[in-house]
Amino acid sequence: MDPWVKGIDAITLFVEDLAAAKAFYLEVFGLPLRFEDPHSAVFMFGETAINLLDVRQAPELIAPASVASPEAGARSQFTLAVEDVDAMCDMLRSRGVEMLNGPMDRPWGIRTASFRDPGGHIWEIAK
């Protein structure tokens, strides 16, 4: 059996302002909080946990690698499948989210739009 078959269990995102990131995920994504402690907040996207971790705790987790600042630029994007990209953009805007781009039809046949969370992480919605 292939050891990678189980999928991604958790993704940890480093955030400078845990309270702001937690509020964003509660309000924008409308997800219940699965776990929290003074340094983290965890939300479930299907079977995958998104762990928001106070950036000051990150060096212990990833040493000897270094933690980059949000100003260093995006190095990843997380894509969420939705039924209606345009309607989701309207809902996100009504919740105070500024869209980075879209909705737009991509040459590879999907419709997308992207936005940034308070920690600088890029999220894409797609159909």
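Position 1 is the first residue of the sequence; numbering continues from there. Heavy atoms only: backbone and side chains are in, while hydrogens, waters and symmetry mates are out.
- Distance CZ/R106 to CD/E124: 6.5 Å, rounded to 0.5 Å.
- The shortest side-chain heavy-atom distance between D117 and L13 falls under the 4.5 Å cut-off.
- Put simply, the side chain of R116 never gets that close to the backbone of L100: no donor and acceptor are under 3.5 Å apart.
- Of all the heavy atoms in M104 and N101, the pair that sits closest is CE-CB, 3.5 Å.
- Residues F43 and L26 meet the side-chain proximity criterion, which asks for heavy atoms closer than 4.5 Å.
- In this structure, CE in M99 is found 9.5 Å from CG in D90, a value given to the nearest 0.5 Å.
- Here L53 contributes atom CG and I62 contributes atom CD1; the two are 10.0 Å apart, rounded to the nearest 0.5 Å.
- Side-chain atoms of L80 and F29, non-hydrogen and from C-beta on, do get closer than 4.5 Å to each other.
- In summary, the aromatic rings of F78 and F45 are positioned with their centroids too far apart to meet the 6.0 Å limit.
- Of all non-hydrogen atoms in K127 and V82, the two that sit nearest each other are CD-O, 3.2 Å.
- A donor-acceptor pair under 3.5 Å is absent between the side-chain atoms of R34 and the main chain of V42, judged by distance alone.
- In this structure, the side chains of F24 and V15 stay at 4.5 Å or more apart for every pair of heavy atoms.
- For the pair L33/Y25, no side-chain contact is recorded, criterion being any heavy-atom separation below 4.5 Å from C-beta on.
- Put simply, the side chain of E16 reaches to within 4.5 Å of the side chain of P70, judged on heavy atoms.
- At most 12 non-hydrogen atoms from other residues, nucleotides or ligands lie less than 6.0 angstrom from CZ of R56.
- Hydrophobic clustering places L31 together with V97 (ILVMFWY residues linked when any side-chain heavy atoms are closer than 4.5 Å, directly or through intermediates).
- In this structure, P103 and V85 approach most closely via the heavy-atom pair CB-CG1, 3.8 Å.
- I110 and I122 fall into different hydrophobic clusters, where Ile, Leu, Val, Met, Phe, Trp and Tyr side chains are chained together by heavy-atom contacts under 4.5 Å.
- Residues I50 and L61 fall into different hydrophobic clusters, defined by Ile, Leu, Val, Met, Phe, Trp and Tyr side chains chained together at heavy-atom separations under 4.5 Å.
- A113 and C89 make their closest contact through CB-SG, 3.3 Å (heavy atoms, listed as atom of the first residue, atom of the second, distance).
- Side-chain contact between L92 and I125 is present, with at least one heavy-atom pair separated by less than 4.5 Å.
- Taking every heavy atom of both residues into account, N51 and S40 meet most closely at OD1-CB, 3.3 Å.
- Across D105 and R111, no two heavy atoms sit closer than the pair OD1-NH1, 3.0 Å.
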